[in-house]
Amino acid sequence: KGPDGFRKDTLPIVDSLRVRGWNAEVIFYTHEKKAAIYKHVVETADCYVHRIAPGNLKNEEPYFEMLRDLVKKGVVALSHPDAMMKYCAPDALTKLKGTKYGLDDTHAYSTIQEFNECFPKTLANGDRALKCGESSWHVQCLTPCKNACVPFEATVKCTEAKNGRAEERSLSNFMTMCEKFFDGKTMMLDRRFCPRVVEGEVRVLLINKTPVSVVHKKPAGADAHSHTHHTHTHYDPPWKWDDLVQPFLRELPQLNERMGDFPNMPLIWTADFVLGEKCPTSGGDTYHLCEIDCACVGFASQLELSEVLADEIIAMTVEHKCLKKKAVILEVAGGTDKGPDGFRKDTLPIVDSLRVRGWNAEVIFYTHEKKAAIYKHVVETADCYVHRIAPGNLKNEEPYFEMLRDLVKKGVVALSHPDAMMKYCAPDALTKLKGTKYGLDDTHAYSTIQEFNECFPKTLANGDRALKCGESSWHVQCLTPCKNACVPFEATVKCTEAKNGRAEERSLSNFMTMCEKFFDGKTMMLDRRFCPRVVEGEVRVLLINKTPVSVVHKKPAGADAHSHTHHTHTHYDPPWKWDDLVQPFLRELPQLNERMGDFPNMPLIWTADFVLGEKCPTSGGDTYHLCEIDCACVGFASQLELSEVLADEIIAMTVEHKCLKKKAVILEVAGGTDKGPDGFR
């Protein structure tokens, strides 16, 4: 930081952005202000620019957590915290085996056991370069060895890179000394030693995918291991190092893919190379990548780069947020939800409604075999995807959901996000609504038979219960008088199946034994208070994002509400006819979404089912309890006019997620050695 408290290279970025018509704001991050900063950035900025040097923030995880949450809200990451961690990780170089700039015999050890097992074998192949954190050594075996593994009693010469100090020790003694570095947080990198390191390192500085300068960091003295380079360095234009730079640029897609296939390369980063063996045919130099740094690369001695950086900040943000005005609707072939043309009956109306509004829409039938091609096509051509695959039509959903998550990482707007669908539809979703207006506080979800056996006799002691597991559900009544806090296993219970209304009397022990078959490790048993007014049916609210579009009162066909046999003809009311339910529920939506996982969007189209609760003791009006949420793939074939509302919402949600505010937020922390007199970098 300078005297003004900023990093020396911060204000030039701000000025360069402002010249280009963009606003830029520098925010000094603290954990205490995390929530306020998050809210401010989401509401006012298109992107954030990370400019916090390692060590200036003791615990980075809450900060990185905020950055990830910003990305979920559509803020463009420059750079993404996971990308920074992957690119800068000690084991990053091990992922480059088989590439032009990687060394195949590169290893990373996270435990002393791995180090003890592997290092004597790698050392048998020649000199090694070890690095752990800020400590590194050149290790030579001085004892002649023809075995595949250097014996522990062999003599090794260990030269510290930091100060050039050399010592001769037994291999065993050296490896024992190394034990202190394995603290469970850092890794030991083990690479082949490159003798030409005495000629120094070549550092390429890149802004995203564009190399902007190259510097040959030659050692000050004869000993390259001292890491004492000239204080004055000369920055070459990249074209002077074309033999290194041009082939490296061709490798960037593969490099990013191996690091984690992030939407963007880091905003500003360096790649350090050591000289390898001379090429046997051309006699030219070869290079080995020895380190990547993208944590917070400074350019205080090249401030003219702020112009290039500002252009790249704008380009990366616009690329991520620009609109192609196209939606992809994802289906699968087959299934009972299809019409004679092979499409869902409500799919083509969505397509038509989008086209009327000047948007293109494409229906793609997903298969696992075509996953990679579909992913590439959607990333290249569409702004958003619309999920329209009904549960059960795809036997294994995980590869499909994995593709959807990867699409989101690439900036495709999720309608709906797979994690949101899973959270909202999960059996334990209702347990997260305890303490809210529409939740029941005595709601439980059991994932194991042990939990069920321990808890259910206690909840049953408080009155009738409604149990549900998958498609099976029961109304359970205790017929044996019980004043204890726990119903005894020998008590008689009446179990009425919701599916067919069949009632049986059993001992509680017998009923719970029957339930064991439902605990298969995949599903959960939901246990809720039984609401007697379920005999009056359920009230279903259909919503498109946050907008209720219809309400239907699903009354039972007969006197037994547990048969789930509702009238085949249902009447859809406008939401205003159910204002006593709908308006308070809309006020609860932010809290509902927060408890489900605080997703950027509510599901695109979803239903909330309610049962009638006790009459309000003061007003005498109805109360309601939320009993189920469905957002897996809600159909509207009997209300096709809703395609107009849906198309409007698809466009609005996509534009909201991608629209530009023409503002970047630059994140720093106060203090640190990287600041100028003004306090900025």
Side chains of [X] and [Y]: is there a donor and an acceptor less than 3.5 Å apart?
X: Y424; Y: D630; value: no
X: H377; Y: E362; value: yes
X: Y63; Y: H50; value: yes
X: D337; Y: N393; value: yes
X: T436; Y: Q591; value: no
X: E668; Y: T10; value: yes

With a 4.5 Å limit on heavy-atom distance, are the side chains of [X] and [Y] in contact?
X: L67; Y: Y29; answer: no
X: K73; Y: D598; answer: yes
X: V539; Y: D609; answer: no
X: I52; Y: C296; answer: no

Task: Side-chain donor/acceptor of N360 to backbone N/O of K326, under 3.5 Å - done: no
Value rounded to 0.5 Å, distance of [atom1] in [X] from [atom2] in [Y]:
X: H80; Y: K409; atom1: NE2; atom2: NZ; answer: 8.0 Å
X: I650; Y: I350; atom1: CD1; atom2: CD1; answer: 5.5 Å
X: L323; Y: D383; atom1: CG; atom2: CG; answer: 5.0 Å

Task: Ring center gap for Y385 and Y375 short of 6.0 angstrom - done: no
Open item on the list: Is it the case that the ring center of Y438 lies less than 6.0 angstrom away from the ring center of Y624?
Closed with: no
- [ ] Show your working on salt bridge (charged side-chain N to carboxylate O under 4.0 Å, His left out) between R540 and E628 and close with a plain yes or no.
- [x] CA-CA 9 Å; R540 171 167 290 176; E628 190 167 8; 5.6 Å; no
TODO: Look at the aromatic rings of W269 and F248 and report parallel, tilted or perpendicular, splitting at 30° and 60°.
DONE: tilted
